[in-house]
Amino acid sequence: MSTRRIVLSRSAAIVGAAATGWLLPATAGAQSAKLRVGLMLPYTGTYAQLGVAVENGVRMAIDQQGGKLGGREIEWFKVDDESEPSKAVENASKLVQRDKVQVLIGTVHSGVQMGIQKVARETGVLSLIPNAGAHAATRALCAPNVFRTSFTNAQITLALGPAMVARGHKKAVWITWKYAAGEEAFEGFKQSYPAAGGSIIKELGLPFPNVEFQALLTEIAALQPDAVACFFAGGGAAKFIRDYAAAGLKDKIALYGSGFLTEGVLDAAGPAADGIITTMHYSDSLDTPRNKQFRMEYAKAFRSQPDVYAMQGYDTGLLLVHGANAVQGDMEAKPALYRALESAVIDSPRGRWTMSRAHNPVQDIYLRRVENMENKVIGVAAKAQADSGAGCRMG
Ligand code: BEZ
């Protein structure tokens, strides 16, 4: 498959050149050494499955391009970040200082991302964020060498409030893990739900990755809201969905969420997930040739169904291929590399998206409902949604 078919650039000239191969190093000027790529992801703990899906997606995109970046072979380095913020700077430094990676792909957890961000800003290493939605990474602490292929935490929940009110659910309880991702997802919900006419009667939380939900579910039952909205992900999300149903709330109080609630967990959650409505920048059921092709190829390669994390990993791989090809594998050609990454138009399974000035995707947000163990698209909640990028000054 040509570069052109999977990554479109705003510059037709560059895309045409890349597609026909004359920008790629055939012989002269080729970077001979292997390109060193670091993966810093969770491979243990409640986000372990998310880390594996991201890595699968990255590798699949690069394998589809012959397993090379800008004509160079790749040497991979991996660290399990355990979703542990206190080890984040040390782990990222190992990859950058000890292993001398030229690209650092990571991570999933917003708290860990802030450690990576510190190392990325201090060392200038190219940092590609394949999931974590931490606002600061593409707001006040944005940097020319940091690019996100996923979302900001509030970007997803900004679309949730109006969808709930439109269904007549005007009195809600919010519940989440109390760490950056949950708190920032609440920021989006707090902005969108009251603006649409809803009222938030209580904000509940528990520390990440605690899954002792019982006391909070009892409190929700007593509060009798019209709906519950939440942020949970990974193994903890599956347990929350099951516990919600087991507490007898499923058929009484509508459950909504930032879409991570129902990503990659539908087998584990079972029928308890049926009917949950979420907002998200992806859906399994997107009826496009691009998504169908991606899902088929992923299932064939990994014998499992892709989820949003796999898709984001895939897009990270697409972006990296695009950037590396534009500089013929010379990752030190930073101005040209950044220009290519900034102007990429990613032809993604989620739909085409572009980079904002703060290096975060501008993308459609879908409304989905779980039906028969699938996240079915039931509408577009927001078109070409951008994060505010507030406070971002590229140095
Ligand atoms: C986060 O920590 O940013 C995050 C983790 C899992 C899913 C979505 C966001």
Side-chain angles (χ1 to χ4, degrees), residues 40-55 57 80-88 91-92 105-117 127-139 141 146 148-160 175-189 205-211 229-241 257-266 268-269 278-283 306-313 315-316 350 360-361 363 365 368 375 387:
M40 178 161 155
L41 293 165
Y43 295 107
T44 51
T46 200
Y47 286 166
Q49 204 185 312
L50 288 57
V52 170
V54 167
E55 177 176 347
D80 174 10
D81 69 34
E82 306 167 47
S83 296
E84 180 47 68
S86 67
K87 298 183 186 166
N91 281 331
I105 298 174
T107 189
V108 167
H109 183 287
S110 278
V112 177
Q113 196 66 49
M114 295 324 295
I116 295 181
Q117 191 77 6
S127 159
L128 303 181
I129 308 175
N131 182 72
H135 289 177
T138 53
R139 291 192 187 175
L141 295 180
V146 176
R148 176 148 45 202
T149 58
S150 51
F151 56 88
T152 59
N153 291 313
Q155 201 176 11
I156 310 296
T157 42
L158 274 173
L160 187 59
I175 178 166
T176 190
W177 276 317
K178 285 280 183 193
Y179 84 100
E183 277 153 10
E184 293 175 353
F186 182 55
E187 242 178 82
F189 184 64
L206 70 173
F208 174 87
N210 192 321
V211 289
C230 66
F231 167 87
F232 292 109
K239 177 149 192 311
F240 181 75
I241 293 169
S258 175
F260 305 101
L261 179 66
T262 57
E263 280 297 322
V265 304
L266 293 179
T278 61
T279 45
M280 190 55 130
H281 52 295
Y282 180 61
S283 172
D307 53 21
V308 72
Y309 311 105
M311 180 279 290
Q312 290 168 170
D315 284 9
T316 305
R350 75 183 89 170
N360 189 68
Q363 56 194 337
I365 308 291
R368 307 116 40 102
N375 285 298
D387 184 69

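Whatever order the structure lists them in is the order used to number ligands and atoms, beginning at 1. Quick caveat: nothing in here was measured; it's all calculated off a predicted structure.
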Rounded distance (nearest 0.5 Å) linking atom CD of Q113 with atom CG of L141: 11.5 Å
Atom indices of ligand 1, in the order listed, that fall short of 4.0 Å to a heavy atom of N131: 4 (C), 5 (C), 6 (C), 7 (C), 8 (C), 9 (C)
Counting each atom of ligand 1 from 1 as listed, which ones have a heavy atom of H109 under 4.0 Å away? 2 (O)
List every atom of ligand 1 that sits less than 4.0 Å from any heavy atom of Y179, numbering the atoms from 1 in the order shown and giving each element. 1 (C), 2 (O), 4 (C), 5 (C)
Do we see a donor-acceptor contact under 3.5 Å between the side chains of E263 and Y282? no
For atom 3 (O) of ligand 1, the protein heavy atom that lies nearest, with its residue and separation: S110 OG, 2.6 Å
Please compare V108, N153, L50 and report which has the shortest non-hydrogen distance to atom 5 (C) of ligand 1. V108
Side chain T46, main chain G236, donor-acceptor under 3.5 Å: yes
Side chain, backbone, both or neither: which part of F232 has a heavy atom under 4.0 Å from ligand 1? neither
Heavy-atom contacts with F260 under 4.0 Å: which atoms of ligand 1 show up? List them by number with element. 7 (C), 8 (C)
How about S283 and R368: does a side-chain donor come under 3.5 Å of a side-chain acceptor? no
Please walk me through it: do D307 and Q49 pass side-chain hydrogen bond (donor to acceptor under 3.5 Å, both in side chains)? CA-CA 10 Å; D307 53 21; Q49 204 185 312; 4.8 Å; no
Below 3.5 Å, N or O to N or O, backbone or side chain included: is there any such pair between G133 and ligand 1? yes
Quiz question: by atom type and distance under 3.5 Å, do the side chains of T149 and D315 form a donor-acceptor pair? no
Between F231 and ligand 1, which residue portion shows a heavy-atom distance shorter than 4.0 Å: side chain, backbone, both, or neither? side chain
Please identify which atoms of ligand 1 are closer than 4.0 Å to at least one heavy atom of A233. 6 (C), 7 (C)
If you draw a 6.0 Å radius around NZ in K239, do more than 12 non-hydrogen atoms from other residues or ligands fall strictly inside? yes
Set of residues satisfying ring pair (Phe, Tyr, Trp, His ring centres under 6.0 Å) with respect to Y47, sequence neighbours excluded: F208
Y47 heavy atoms within 4.0 Å reach ligand 1 at atoms 5 (C), 6 (C)
